[in-house]
Every structure is written in structure tokens, then in C-alpha cells.
2 protein chains.
Amino acid sequence: MPKQSGTKAAVTTADRVWTVAAQLFREKGYHATTTRELAERLQITRASLYYYVDKKEDLLYGICVESLRRVSTAVDAALSDVVGPTERIRTLVCCHVVSMLTDIDMHATMLLDLHHLTGDQLREVVKARDAYQATVDGVIADAQSAGALRSSFSPKVASLALLNLMNWTITWYRPGGPLKPQQFAEVITDIYLNGASVPSELVDPTVCRPVAR
Amino acid sequence: MPKQSGTKAAVTTADRVWTVAAQLFREKGYHATTTRELAERLQITRASLYYYVDKKEDLLYGICVESLRRVSTAVDAALSDVVGPTERIRTLVCCHVVSMLTDIDMHATMLLDLHHLTGDQLREVVKARDAYQATVDGVIADAQSAGALRSSFSPKVASLALLNLMNWTITWYRPGGPLKPQQFAEVITDIYLNGASVPSELVDPTVCRPVAR
DNA sequence: GTCTATAAAGAGATAGAC
DNA sequence: GTCTATCTCTTTATAGAC
């Protein structure tokens with residue numbers, strides 16, 4: 001996958017190959033996307049497409065690698081100067097969700113189609129994904145050790161629950177809608193940490209109790 | 001999709017077609033699964049497979065319809081005699097998650113491959129899915145109206161967060177592991193309602209504060 | 001209900017010219 | 001860098017015998 005140019009140079013075909021592939025892979029899934037469709041959307045022939053990649057699977061591989069590189073880099077950088085265990089969770093969720101929803105084609109492809117890779121490419125990407133998830137596990141386990149998270153569940157389960165809360169979003173989120181990535185990140189952080197229910201001592205029964213019958 | 005026999009009759013090929021198709025669809029995805037592999041795993045020829053279904057897409061359609069029928073029926077039945085808003089959320093989550101993780105091949109196929117349907121079959125299944133999600137939305141909105149859930153987020157966002165927490169599980173859960181469906185359902189209900197963090201007034205600083213340096 | 005045989009279309013990928 | 005032309009393999013699906 002080519003580096004994204006920092007200058008305001010024109011978008012080259014070499015760049016578009018990757019973004020358009022990610023678009024199609026998210027829309028239709030990796031296997032249902034044909035090189036014919038991809039070439040058509042790029043306005044080049046199939047043969048020209050093979051000037052940029054050796055094989056279709058290289059597109060999926062490149063997208064997965066770049067997806068994991070971006071989210072890992074962003075999260076690591078954001079966490080580097082945050083010390084409080086709860087604040088580290090907030091930072092992690094915000095960074096992960098904003099990254100995922102900003103480059104949603106790329107990340108949805110990684111999350112949902114990664115398992116279609118084969119051989120060494122599969123092994124390498126799975127390793128990178130596991131390394132990233134170990135970061136998430138670490139933030140949660142540290143928060144639990146520090147007494148910021150409850151200990152009525154294992155750290156692994158607490159981490160899986162957080163990944164659930166973050167990752168399923170890519171199956172329904174539509175950029176351009178009213179809900180901005182950061183807003184949603186704040187809501188799920190709030191729910192994950194504090195829960196969605198009204199704290200019982202704050203309930204005022206004379207106001208909130210539902211009408212009987 | 002054939003009705004599941006209530007008696008202890010032998011498992012027929014007509015039944016196995018559906019369970020084995022769901023297995024393969026979850027393992028490899030709908031498009032990556034070939035009728036050759038399916039026939040091979042069923043120990044019949046491809047031609048014989050077409051005695052049971054008219055086309056490959058009918059398998060996906062039947063699996064999606066049955067998945068939604070089962071989870072809707074189970075949840076509706078369980079909710080029918082539960083009145084408390086919080087208890088209705090507990091019941092919903094438990095029922096949804098236990099159903100999903102028990103028949104995981106079927107439900108994972110529905111959740112992840114539903115969009116590969118086309119035409120009327122797609123429209124019908126999407127309608128059934130939206131009807132089920134309206135049930136979830138209703139339980140959440142009612143709880144919020146009753147004052148059991150906080151109002152700092154919209155009911156739709158609260159419902160989406162809950163679906164996140166429940167549905168991503170099918171991407172990583174492996175039946176037979178140490179974590180039982182009901183246990184995990186209880187954990188995510190707890191986190192959704194009460195949050196994962198330690199309630200601040202219960203923190204004992206002399207015990208829980210992390211060691212400095 | 002299951003088979004052999006085959007049709008018909010769609011897929012990934014390459015050769016070699018410009 | 002992009003093209004035309006083509007190869008080769010895979011895929012879904014059907015016809016018709018047993």
C-alpha cells in the first residue's frame with residue numbers, strides 16, 4: 001500500500017486502487033467483489049489493475065496491514081501521556097472508535113474479511129491484530145488491578161465486552177449521519193464505565209415511577 | 001427449511017443440508033463457500049444437493065429466516081410475563097445472547113451474510129430483522145421512559161450500544177470453551193446496566209490505590 | 001433420492017503491444 | 001501505465017438415467 005502523500009498532490013491511480021478496493025470490500029465483502037468491478041470503478045481495465053498488485057489477495061492484505069498500523073499507532077500515541085486508569089480507557093475508546101469510523105471502509109474490511117487471507121499473509125495480520133488486542137487487554141487489566149474496574153468478571157471478559165461495544169459499530173454506522181464518531185465514542189465510554197441505568201440513589205420515585213396499569 | 005422433528009427420529013439429509021450449510025457459511029462466509037464443499041461435507045454429489053434446494057441463495061435465505069424466527073420467538077415468549085423495565089432488559093439480553101451462542105452457525109450467518117441476499121428474499125429478511133430490532137428498541141425506550149435508564153443519550157443510541165455489546169460476540173465466541181453463554185450474558189447485562197467501573201463511594205483507597213512509581 | 005455428464009457463465013490472472 | 005486478447009480454472013446450475 002502506497003504511503004499517503006503529505007502534500008496536496010493529485011490523487012493518483014496508485015492511491016485510488018486501495019481506497020476503492022476498501023470501499024467495494026466493505027460494500028460487498030472481499031469474495032463477492034470481482035476484479036472486474038474494481039477495475040470498472042477505477043476506470044481502468046483489469047489488466048491495468050495487475051500493474052498495481054500481483055493478485056487480488058494483496059489488496060486485502062495491504063488494507064488489513066494499514067488498518068492495524070493506523071489504529072495501533074493512533075492508540076499508542078494517545079495513550080503515551082495518559083496515566084489515570086479510567087482516563088486511559090476513555091482515551092483508548094475515543095481513539096479506537098474515531099479511527100474506525102473515520103476510515104470505516106478500511107477498518108470494516110480488516111475486521112470482517114481478515115480471515116479470508118491465507119498462508120503467511122494471514123499469519124502476519126492475525127499476529128498484528130492480536131498485538132493490538134493485547135494493548136486493549138492491558139489497559140483493561142491495569143485498570144482492574146488499580147481498582148478502577150470491578151473484579152466480578154475476569155479482565156479478559158471485560159476486554160471482550162469493550163471490543164464488542166466498539167467493533168460492532170462498523171456493521172451499521174453510516175458516515176454523514178447525525179451521530180459523529182466522537183459523540184458515539186463518548187456514549188459507549190460512559191455506558192461501559194458507568195452503565196446505562198439510573199443510579200438507584202438518584203431515582204426520585206414521585207417523579208419517575210411508571211404509572212400503574 | 002424443514003421443521004425440526006420433535007421425536008427422536010434419525011437426522012435426515014434434508015436436515016443436515018441446513019446445519020452443514022450454516023456451519024460452512026460461518027467458517028468461510030457465504031460467497032467463499034462452494035456447493036462443491038457443501039456436497040462433499042454432506043457426502044452427496046452436487047446434483048443431489050439441488051434436489052433439496054433450487055439454488056445456493058435459498059440456503060442463505062432459509063438460514064436467515066429461521067435465525068430471526070427463533071430469536072424473535074424466544075425473546076417475545078420470555079418477555080411476555082416480565083414487567084419491570086430493568087428486568088425486561090435482563091431477560092432480553094439473556095435470551096438474545098443464549099439463543100445466538102447456542103445456534104451460533106445460523107445466527108452468525110444471519111448477522112454477517114444477510115446482505116448477500118438479493119431481491120425479494122433480501123427485502124423480506126431485512127424486514128424481519130428490522131421488526132426484531134424494533135422489539136429491542138422498544139424495551140430500551142420503555143425503560144428510559146420509566147426512568148430506569150438514563151436520559152443523557154437517545155433511546156436509539158442506547159439500543160445500538162446494547163446490540164453492539166450482544167452481537168459482536170458471534171465473531172469470536174467458540175462453543176465448548178470455559179465461558180458459557182448464560183454467564184457471558186449476565187456479565188454484559190451487568191456492564192450495560194451498572195458499568196464496569198467501581199462505584200466511587202465503594203472505593204477503599206487504603207486497599208485499592210495503585211503503588212506510585 | 002442419488003447419480004453421471006455437461007452446459008454456460010464467471011472468475012483470477014498473464015502475454016505482449018503501444 | 002494502459003491497453004487488447006486470451007488462457008485456464010472454478011463456479012452455479014441443469015438434463016436425464018437409475
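Below, chain A is the first sequence line, B the second, and so on; all start at residue 1.
- A donor and an acceptor atom, one from each side chain of Thr45(B) and Ser48(B), are located under 3.5 Å apart.
- Side-chain contact check for His96(A) and Asn167(A): at least one donor-acceptor pair (N or O, by modelled atom type) lies under 3.5 Å.
- Contacts with DNA chain C (heavy atom under 4.0 Å) in residues 51-62 of chain B: Tyr51(B), Tyr52(B), listed by number.
- Put simply, NE2 on His31(A) is 18 Å from P on dG10(C), counting in whole angstrom units.
- Rounded to an integer number of Å, the gap from Lys28(B) NZ to dT11(D) C1' is 13 Å.
- A salt bridge does not link Arg129(A) to Glu124(A): none of the charged side-chain nitrogens sits closer than 4.0 Å to a carboxylate oxygen.
- Per the geometry, OH belonging to Tyr50(A) stands 7 Å off P belonging to dT14(C), to the nearest Å.
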Collect all protein-nucleotide pairs involving nucleotides 3-7 of chain D in which both atoms are nitrogen or oxygen and the distance is under 3.5 Å.
{"residue": "dC3(D)", "atom": "OP2", "partner": "Thr45(A)", "partner atom": "N", "Å": "2.7"}
{"residue": "dC3(D)", "atom": "OP2", "partner": "Thr45(A)", "partner atom": "OG1", "Å": "3.1"}
{"residue": "dC3(D)", "atom": "OP2", "partner": "Ser48(A)", "partner atom": "OG", "Å": "2.8"}
{"residue": "dT6(D)", "atom": "O4", "partner": "Arg46(A)", "partner atom": "NH2", "Å": "3.4"}

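- With respect to Asp113(A) and Arg26(A), no salt bridge is recorded, no charged nitrogen being found less than 4.0 Å from a carboxylate O.
- As a whole-Å value, the separation of Arg16(A) CZ from dT2(D) P is 10 Å.
- One side chain, Asp15(B) or Thr12(B), offers a donor N or O that lies under 3.5 Å from an acceptor on the other.
- Regarding Glu40(B), its CD atom lies at a distance of 17 Å from the P atom of dT2(C), rounded to whole Å.
- Taking the centre of each ring, Phe184(B) and Trp172(B) come in below the 6.0 Å mark.
- Aromatic rings from Trp18(A) and Tyr61(A) are positioned such that their centres are separated by 6.0 Å or more.
- Rounded to an integer number of Å, the gap from Glu37(A) CD to dG10(C) C1' is 12 Å.
- In this structure, Arg150(A) contributes its side chain and Val198(B) its backbone to no donor-acceptor pair below 3.5 Å.
- Looking at heavy-atom distances under 4.0 Å, Thr33(A) makes contact with sugar-phosphate atoms alone, never a base.
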